[in-house]
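Here's a structure for you.
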Number of protein chains: 2
Amino acid sequence: MLLVKKLNHIKLNRGKSESKIMQQSQKEEKIKPLENEEIILDAQTLKAIEDLLQNKNSPTINDVASISGVSKKTVSRIINNSENVKSETRALVSEIIKKIGFKPNPQARALAFRRSFLIGMIYDNPNAQYVVNMQLGVLDALRGTGNELVVHPCDRNAPNLVNEIEDFILMQRLSGIIILPPIAEDRQLLALLDRLDVPYVRISARDGAKYDPPIDSNQIVSVDKIGCEMAAVHLAQIGHKRIGFIRGNQIYPSAHERRAGFLAGLAKYSIEIDSEIDVAGDYSFESGYEAANIILSNKNRPSAIIASNDEMAAGVYKAAYEHGLKIPDDLSVVGFDDSPLAPRLTPALTTVRLPTRDMAKMAANIVLSPQSEVAKTILFDSNLILRNSTKAPQ
Amino acid sequence: MLLVKKLNHIKLNRGKSESKIMQQSQKEEKIKPLENEEIILDAQTLKAIEDLLQNKNSPTINDVASISGVSKKTVSRIINNSENVKSETRALVSEIIKKIGFKPNPQARALAFRRSFLIGMIYDNPNAQYVVNMQLGVLDALRGTGNELVVHPCDRNAPNLVNEIEDFILMQRLSGIIILPPIAEDRQLLALLDRLDVPYVRISARDGAKYDPPIDSNQIVSVDKIGCEMAAVHLAQIGHKRIGFIRGNQIYPSAHERRAGFLAGLAKYSIEIDSEIDVAGDYSFESGYEAANIILSNKNRPSAIIASNDEMAAGVYKAAYEHGLKIPDDLSVVGFDDSPLAPRLTPALTTVRLPTRDMAKMAANIVLSPQSEVAKTILFDSNLILRNSTKAPQ
DNA sequence: CAATAAATAGACACCGGTGTCATTAACAAA
DNA sequence: TTTGTTAATGACACCGGTGTCTATTTATTG
């Protein structure tokens with residue numbers, strides 16, 4: 001076991017002659033460490049650490065520097081894992097940093113780096129569970145990186161939305177931005193983000209490259225289509241021949257993707273879509289209720305309904321109840337989102353789950369990592385969660 | 001209409017003699033403004049502003065200072081609404097600040113002020129809607145104050161919870177903290193907050209002063225009791241004589257308060273509580289389901305059940321369904337929280353609403369305002385939301 | 001072994017504000 | 001007019017880090 005003695009204790013800003021003296025004494029004291037070195041600090045250093053810890057203020061980089069006997073720039077290099085630091089120096093200073101519990105001040109770093117180590121999450125989404133899952137996912141990725149999450153819900157209809165968000169980003173000097181649907185499709189906002197030169201990731205239900213004009217940015221895409229296709233296939237497999245569909249709000253890409261999945265599933269079983277039971281909705285409970293009323297009043301009532309989200313599926317439950325239909329015996333229902341609502345409905349709702357939290361985590365990781373030139377698109381599959389709201393038709 | 005000319009354009013850090021010259025020329029140029037003064041800048045200043053706006057970087061306090069011809073300290077005073085600034089100076093500099101769109105850099109201020117203008121929200125709460133409402137309420141209060149919200153969900157069972165939160169607070173130098181239940185009752189955490197000397201507000205369902213030992217801190221208290229009492233009174237009024245109750249998790253004060261409200265309501269109608277239908281739950285859907293099964297299997301089945309939250313009320317729906325009981329005809333149900341679930345259940349659930357968002361807004365306002373010595377307690381009443389899950393017994 | 005290059009460390013200015021204290025201006029009282 | 005007092009302003013250090021450039025060691029090479 002070898003020792004690394006602390007370098008020395010002289011003041012900073014010393015003159016040249018002093019500097020030379022230091023180097024000499026240093027040479028004498030120091031012993032080169034092997035692997036698995038153990039750092040042992042001398043009594044004087046331990047005393048200095050002790051004294052410092054009495055102090056109520058949290059230690060600064062200057063404290064570390066003076067105790068270690070190096071310049072604060074060297075400490076800075078070690079904090080930031082920069083190159084060109086001798087491994088012994090690094091080991092010693094790291095030890096002292098740990099001993100005195102030094103944590104670099106984020107505001108000071110922010111000032112010097114010209115960015116805040118804050119990640120902003122911008123959204124206007126009514127689904128609380130979705131938003132919370134996204135926050136949790138981002139925090140999963142941020143943990144231990146020294147970054148924090150600043151949430152910024154907004155109103156997509158506010159006239160000065162773009163300006164407001166610009167102020168937010170510029171003032172806070174955000175290190176990165178994650179933007180959730182539906183405003184992740186807002187062209188003006190995306191133009192702003194491109195202009196501001198802040199790393200950002202869009203979360204969406206459809207690949208931006210497929211738009212016209214295409215959106216060229218990092219994005220996390222949930223493949224909503226797959227899940228809806230699985231739902232349709234599931235219903236067809238257990239014997240349903242006539243299946244109603246309630247669409248989402250058409251301004252969201254997700255609505256188109258989900259319906260496309262539904263159609264794809266039907267196509268596999270050569271079932272034709274009947275426009276009379278393919279009804280518009282807007283993702284709200286009420287619209288689901290109304291759409292279900294239309295579908296269930298059809299002279300050739302379907303034996304199953306797929307709703308484009310769980311809210312609307314809950315509306316189907318209400319309409320079924322009023323039509324005297326029992327779920328799943330008289331009517332099978334499938335939702336989308338696997339919201340907290342789904343398992344709590346009676347009977348529990350079969351639905352499609354998106355890996356929301358994982359998507360957000362991935363988004364944050366991309367924002368944190370050094371940006372490559374080409375925009376990344378990462379796809380996440382959705383999948384079907386079977387519960388008790390579907391059954392073979394009678 | 002009178003004019004305020006800009007003071008002058010000399011460089012900062014000028015010598016004394018220069019300084020005198022400035023003052024003289026200033027006297028000649030300046031005209032005292034009346035109320036409703038209109039600020040007119042001279043051509044030279046406008047040119048300087050023009051030049052600055054070409055620059056891509058956001059303007060700094062030095063830019064404002066040099067254009068206005070005052071020191072940056074004076075600009076600082078104006079930003080912070082300090083005293084001892086001549087009203088003309090203030091008007092002029094404010095005008096220039098507006099013209100060039102100067103926004104003080106929060107990180108620089110944070111460094112100098114030794115606090116970050118970030119408000120932390122600390123919680124471990126599974127109810128997404130509750131959390132999101134709290135966030136929205138806090139943001140309502142923060143808007144326009146230059147503060148931002150940093151969210152910090154955590155795990156109440158983590159062994160190093162206190163240390164982790166201490167690091168969070170100290171490193172980020174939070175300007176204030178809002179802490180949500182249930183961890184707003186955690187004694188260790190509260191001890192930490194007291195020790196750290198950061199303004200914080202607890203949100204809770206029971207007045208901390210009533211604890212033993214009492215908690216002495218700013219707090220926003222929801223009076224859960226009132227709402228439950230109203231629920232019990234409502235059921236009694238429409239004729240229910242035998243009412244079941246499902247308790248919440250007893251580690252939360254809310255559980256006690258809600259049950260106390262229930263008992264108070266019964267007492268008003270001289271209804272006695274039967275311990276056989278006063279069943280434990282833990283706020284989860286499953287526990288509600290199981291408790292309801294116990295209650296509904298009672299030989300003397302009650303005609304109504306009050307559940308301590310909506311989740312458990314949804315569990316009651318499931319149990320009722322399985323017992324072949326129709327809500328509300330055979331069984332009335334009342335929940336608590338007015339979660340998004342409540343109106344989406346079939347039939348829509350009568351429940352108690354807490355003014356969550358308003359509570360959070362108030363909490364944030366307290367955290368932002370200069371702290372008085374005495375701890376504030378602010379009460380918010382809950383109230384009953386009537387929907388379709390209650391009906392006179394048959 | 002000297003000459004040269006590469007690795008390591010430090011000095012100093014700077015990021016963009018605020019605190020403290022000194023200085024000057026404005027105003028009231030003598 | 002002079003003096004005393006308060007209002008208004010500025011100079012300068014400082015908050016706690018990083019960037020740049022220079023100086024010093026150490027390693028490499030002819």
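The sequence lines fix the lettering, A, B, ..., with proteins before strands; numbering per chain opens at 1. Only this structure's heavy atoms are used, side chains among them; waters, hydrogens and symmetry mates stay out.
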Nearest-Å distance for atom pair CZ/P, residues Phe117(B) and dT18(C) =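 For the pair Phe117(B) CZ and dT18(C) P, the rounded distance is 8 Å.
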Over how many whole Å does the gap from Met171(A) atom CE to dG17(C) atom P extend?
-> 9 Å
Nearest heavy-atom approach of Ala65(B) to Ser71(B) is CB-C, 3.8 Å
Whole-Å distance between dG17(D) P and Ile61(A) CD1?
-> 5 Å
Gln107(A) CD to dC15(D) P: how many Å, rounded?
->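 These atoms are roughly 15 Å apart.
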Distance check: side-chain N/O of Thr60(A) vs OP1/OP2 of dG16(D), anything under 4.0 Å?
->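 Result: no.
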Rounded distance in Å - CG (Leu111(A)) to C1' (dG16(C)) =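 In whole Å, dG16(C) C1' lies 5 Å from Leu111(A) CG.
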Does Asn80(A) make a side-chain N or O approach to OP1 or OP2 of dT18(D) shorter than 4.0 Å?
->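 Result: yes.
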Would you state whether a donor and an acceptor, one from the side chain of Arg77(B) and one from the base of dG19(C), lie under 3.5 Å apart?
->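 Answer no: no donor N or O sits under 3.5 Å from an acceptor.
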Minimum-distance nucleotide to Ala108(A) side chain [options: dG16(D), dG19(D), dA9(C)] =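 Among dG16(D), dG19(D), dA9(C), the one nearest the side chain of Ala108(A) is dG16(D).
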Between Ser76(A) and dT18(D), does any side-chain N or O lie under 4.0 Å from OP1 or OP2?
->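 Looking at the OP1 and OP2 atoms of dT18(D), one of them is under 4.0 Å from a side-chain N or O of Ser76(A).
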Decide, yes or no, whether a salt bridge links Arg195(A) with Glu166(A) under the criterion of side-chain N to carboxylate O below 4.0 Å.
-> yes
Distance in angstrom units between Arg114(B) CZ and dG16(D) C1', rounded =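 From Arg114(B) CZ to dG16(D) C1': 10 Å.
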Does Thr89(A) place a side-chain N or O at less than 4.0 Å from the phosphate oxygens OP1/OP2 of dA9(C)?
->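 The answer is yes; a side-chain N or O of Thr89(A) sits under 4.0 Å from OP1 or OP2.
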Pairwise distance CZ(Arg173(B)) to CZ(Arg115(B)) - rounded to 0.5 angstrom =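 So the CZ of Arg173(B) and the CZ of Arg115(B) are separated by 12.0 Å.
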In whole angstroms, how far is the P atom of dG16(C) from the CG atom of Asp63(B)?
-> 9 Å
What is the distance from CG of Asn84(A) to P of dT8(C), rounded to the nearest Å?
-> 6 Å
For Leu46(B) and Lys99(B) the tightest heavy-atom approach is CD2-CE, 4.2 Å
For Pro104(A) and for Thr74(B), locate the closest nucleotide of DNA chain D by heavy-atom distance; then report the residue assigned to the nucleotide nearer the 5' terminus.
-> Thr74(B)
Residue-phosphate contact under 4.0 Å: Arg173(A) side-chain N/O, dG16(C) OP1/OP2 |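 Checking dG16(C) against Arg173(A), a side-chain N or O does come within under 4.0 Å of OP1 or OP2.
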State, to 0.1 Å, how close Leu174(B) and Gly120(B) come at their nearest heavy-atom pair, and which atoms those are.
-> CD1-CA, 3.9 Å
Below 3.5 Å, does any donor atom in the side chain of Lys72(A) face an acceptor in the base of dG17(D), or the other way round?
-> yes
